[in-house]
Amino acid sequence: TDQLYVGIDYGRSDIKAVVVDAEENLLAKYVTRWWRSSDAGVEYLDPQVLKSHREHIRCLAEAAGAALGQVADLSKKSICGVGMSAAGCVKYGKLCGIPPAMGGVE
């Protein structure tokens with residue numbers, strides 16, 4: 001179908017992004033680690049050292065974009081939904097504080 005759904009799962013160790021269609025067929029997946037640019041190129045790191053939410057969003061968006069880039073005829077399709085999940089403590093169905101990956105954000 002022409003309807004796509006993007007799922008992003010992130011934790012302290014990595015970011016996983018997938019793309020599925022309306023029939024739940026897996027069309028693409030991409031796994032990366034948290035990173036930032038450095039003089040040496042790309043520096044992989046613990047996400048808790050990232051101090052701005054913009055740095056986290058950059059990594060999440062890059063993973064989603066890389067997964068979408070694997071989908072054939074992407075320009076003819078529509079993204080109909082995006083879902084995210086974060087590793088963290090859940091108690092009685094609610095998050096307990098900040099997920100570990102976001103621990104450094106002020």
Side-chain angles (χ1 to χ4, degrees):
T1 76
D2 294 338
Q3 296 178 326
L4 302 179
Y5 299 86
V6 179
I8 303 167
D9 176 71
Y10 65 94
R12 195 162 171 188
S13 60
D14 62 13
I15 303 165
K16 299 172 193 81
V18 298
V19 181
V20 298
D21 63 18
E23 284 80 38
E24 300 180 19
N25 296 307
L26 178 64
L27 303 179
K29 64 181 176 179
Y30 181 78
V31 179
T32 188
R33 294 173 21 216
W34 296 96
W35 62 275
R36 67 178 167 200
S37 296
S38 71
D39 292 338
V42 173
E43 173 188 10
Y44 293 103
L45 43 76
D46 184 323
Q48 287 191 324
V49 305
L50 300 174
K51 298 298 181 193
S52 169
H53 65 281
R54 287 181 173 88
E55 293 178 287
H56 290 88
I57 292 169
R58 174 188 41 76
C59 290
L60 297 170
E62 183 267 340
L68 284 164
Q70 298 174 27
V71 176
D73 297 321
L74 180 61
S75 63
K76 298 177 183 177
K77 300 179 182 183
S78 299
I79 299 170
C80 297
V82 176
M84 294 182 70
S85 69
C89 173
V90 177
K91 186 174 183 179
Y92 303 114
K94 296 183 180 181
L95 281 175
C96 306
I98 298 172
M102 304 296 175
V105 176
E106 296 178 11

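Sequence positions, counted from 1, serve as the residue numbers for this chain.
From S38, atom OG reaches atom OH of Y44 across 10.5 Å, with rounding to the nearest 0.5 Å. Between L74 atom CG and L27 atom CG the span is 10.0 Å, to the nearest 0.5 Å. The line from OG of S78 to CD of Q3 is 7.5 Å long, rounded to the nearest 0.5 Å. Here the OG atom belonging to S85 is positioned 9.5 Å from the CD1 atom belonging to I8, to the nearest 0.5 angstrom. The CG atom of D14 lies 8.5 Å from the OG1 atom of T32; values are rounded to the nearest 0.5 Å. Put simply, CE on M84 and CG on L60 are 4.5 Å apart, with the number rounded to the nearest 0.5 Å.
In the model, Y30 has a side-chain atom that pairs as donor or acceptor with a side-chain atom of E62 under 3.5 Å.
Nearest heavy atoms, D21 versus N25: OD1-N, 2.9 Å. For V49 against R36, the heavy-atom pair with the smallest separation is O-NH1, 4.2 Å. When every heavy atom of P47 is checked against every heavy atom of G11, the shortest pair comes out as CG-O, 4.4 Å. Scanning all heavy atoms of the two residues, the minimum distance from L26 to V20 falls at CA-CG1, 4.1 Å. Considering all non-hydrogen atoms of both residues, A17 and A63 come closest at CB-O, 3.5 Å.
Side-chain atoms of E55 come within 3.5 Å of backbone N or O of S52 as a donor-acceptor pair.
Counting non-hydrogen atoms of other residues, nucleotides and ligands closer than 6.0 Å to NZ of K16 gives a total above 12.
Hydrophobic cluster membership is shared by L45 and I15, with clusters built from Ile, Leu, Val, Met, Phe, Trp and Tyr side chains linked at under 4.5 angstrom. Residues L4 and V82 share a hydrophobic cluster, clusters being chains of Ile/Leu/Val/Met/Phe/Trp/Tyr side chains in contact below 4.5 Å. Side-chain heavy atoms closer than 4.5 Å link hydrophobic residues (I, L, V, M, F, W, Y) into clusters, and following such links, even through other members, never connects I79 to Y5.
Using a cut-off of 4.0 Å between Lys/Arg side-chain N and Asp/Glu carboxylate O, R12 and D46 are scored as salt-bridged.
W35 carries R58 over the face of its six-membered ring, with the cationic atom under 6.0 Å from the centre and within 45° of the normal.
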